[in-house]
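Worth saying up front: this structure is predicted, and the values here are computed from it rather than measured. Letters A, B, ... are given to chains in the order of the sequence lines, protein chains preceding strands, and every chain is numbered from 1. The basis for the numbers below is simple: all heavy atoms, side chains too, and nothing from hydrogens, waters or symmetry mates.
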2 protein chains.
Amino acid sequence: MLSKKTKYAFHALTYLGKNQDKGAILIQEISENYGISHKFLENILLELKKAGFLGSKKGKGGGYYLIKPPNEIALSRIIRLLDGPIALLPCVSLNYYEPCEECENQERCGLNKVMIRVRDETLKILEMKTLQDILEEE
Amino acid sequence: MLSKKTKYAFHALTYLGKNQDKGAILIQEISENYGISHKFLENILLELKKAGFLGSKKGKGGGYYLIKPPNEIALSRIIRLLDGPIALLPCVSLNYYEPCEECENQERCGLNKVMIRVRDETLKILEMKTLQDILEEE
DNA sequence: ATAAAACCTACAAATTATATAGGCTTTATG
DNA sequence: CATAAAGCCTATATAATTTGTAGGTTTTAT
C-alpha cells in the first residue's frame, strides 16, 4: 500500500495542477482542502520541490506551484520519491535493489521471476501514466 | 514491498513443496535452512495451517506438510493472508476495501482509476501463479 | 517595520513489523 | 507409563517505520 505521504503528494500535485493559472498556492489552502495536517504537508511539498517537481515563492503572497508540465510527471517518480521501491521484493527492485539474505541463488529463485513480472506490469502503467492523466479524469 | 513474514511463508511453502514425499518436516529444519528465527517461523506456519494450506503432526516425529496441491496455492492467497491488501490504495482493494477519507468522490478520482489498473494487472499474475510454478522454476 | 509565508531540523507519538518467552498439549518410543 | 520431542497458543518485548508536531530561521510584499 502507498503511504499517506505519497497519497497526500498526489492530492497536492493534483490541486496544484488544477490551479496552475492561479500562481502560487498556499500550503494551507491545500491542507484545508483535503484535511491534511499543515505541517505534515509542508514537509511533503518541500520534498517535491527539492526533487524538481515544484517551485515556490517565499514571503507574503508566496506559495507553491508546478514547475514541470503535468505530462512529464510520471506517477512512478512520485511514488519512488516518497515511498521508495515499487517492486514487491528488494531483489527485483530497479532503483533500490538489494539481494535477499535468505536466497543463495537469486537466478534460481521462482519467486524472484514472478515478482519481476509483477514489477514490469506495474511499471508499464505507473511510468506511462502522468499527472496529466489524473487531471483529465477529474 | 512484501513483509518478511510473507517472504518467509513462501520459503517455507517452497521447502515443504520440495519435500512432499518426506512426510512431516520440522520447523527447525526450515528455519535453519533459511536462517529464519525458529519462533517467528512457528507463528507463520501456524497461520498457514489455520488457513488450510498446511497440516501438522504434533509430538515426537511431528512437523508440517503441505495439505493442498501446490497448483492450488495461488500466490495472491498467501500474500493476502500474511500481508493484507495487494492493492496500492485502500479504495481499490477487493478484499480490504476502505474509502479514502480525503476523497469526496471516489468515482471521479483519477488516482483511483490508475490504481485499479495496477491492481488488476498485478492480480492477473498473482492469482494465476501458484506454488507449483515456483517449484518448477527451482 | 511588520506580518506572512516558505524553509529547515529535530523531535514526539503512534503504528506496525519483527522477534522472543514460556507454558500447554500431543505423541512416539523405550 | 515416563520421558522427550514436537507443535500449539497467547502474551509480551523490541525495533523500525510512519505520521505528525514544534519552533525557530529566512525571505519578501506591503
Asks: For B/I44 and D/dC9, what is the distance between atoms CD1 and P respectively, to the nearest whole Å?
Replies: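 So the CD1-P distance, B/I44 to D/dC9, works out to 16 Å.
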Asks: Got B/R80 and B/I86 here, is their nearest side-chain heavy-atom distance under 4.5 Å?
Replies: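 Heavy-atom side-chain distance check passes, below 4.5 Å.
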Asks: Below 3.5 Å, does any donor atom in the side chain of A/N43 face an acceptor in the base of D/dT19, or the other way round?
Replies: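 Under the 3.5 Å cut-off, the side chain and the base do not form any donor-acceptor pair.
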Asks: Under 4.0 Å from OP1 or OP2 of D/dT19: is there any side-chain N or O of A/S3 that close?
Replies: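 Indeed, a polar side-chain atom of A/S3 lies that close.
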Asks: Under 3.5 Å, is there any donor-acceptor pair linking the side chain of A/D83 to the base of D/dT17?
Replies: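 No pair found.
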Asks: Ignoring the backbone of B/F40, work out which of C/dT18, D/dG20, D/dG23 is nearest its side chain.
Replies: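 The closest nucleotide is C/dT18.
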Asks: Can you find a donor-acceptor pair, distance only, under 3.5 Å between A/K4 side chain and D/dG20 base?
Replies: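 Not at all, since no donor on one side and acceptor on the other fall under 3.5 Å apart.
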Asks: With the side chain of A/E42 defined as its heavy atoms from C-beta on, choose the nearest nucleotide among D/dT19, C/dC8, C/dG23.
Replies: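 When the side chain of A/E42 is considered, C/dC8 is the closest of D/dT19, C/dC8, C/dG23.
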Asks: In whole angstrom, what separates A/H38's NE2 from C/dC8's C1'?
Replies: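 Interatomic distance, NE2 of A/H38 to C1' of C/dC8: 13 Å.
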Asks: Write down the distance between CG (B/L16) and C1' (D/dG7), rounded to a whole number of angstrom.
Replies: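 Computing the B/L16:CG to D/dG7:C1' distance gives 14 Å.
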Asks: Less than 3.5 Å apart, any donor N or O on the side chain of A/E29 or A/Y15 sitting next to an acceptor on the other?
Replies: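 Yes, a side-chain donor-acceptor pair sits under 3.5 Å.
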Asks: For B/K7, report the nucleic acid contact type (base, sugar-phosphate, nothing); a contact means any heavy atom under 4.0 Å.
Replies: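 B/K7: no heavy atom of the nucleic acid under 4.0 Å.
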Asks: Taking A/L13's backbone N and O only, do any of them form a donor-acceptor pair with A/K18's side chain (distance below 3.5 Å, no angle check)?
Replies: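 No, the answer is negative, given that no donor and acceptor are paired below the 3.5 Å cut-off.
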Asks: Check every atom of D/dG7, D/dT19, C/dA19 against the side chain of B/Y64 and return the nucleotide holding the closest atom.
Replies: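 Comparing D/dG7, D/dT19, C/dA19 against the side chain of B/Y64, the answer is D/dG7.
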Asks: Under 3.5 Å, which N/O atoms of the protein pair with N/O atoms of nucleotides 4-6 of chain D?
Replies:
unit_1	atom_1	unit_2	atom_2	d
D/dA5	N3	B/K60	N	3.4

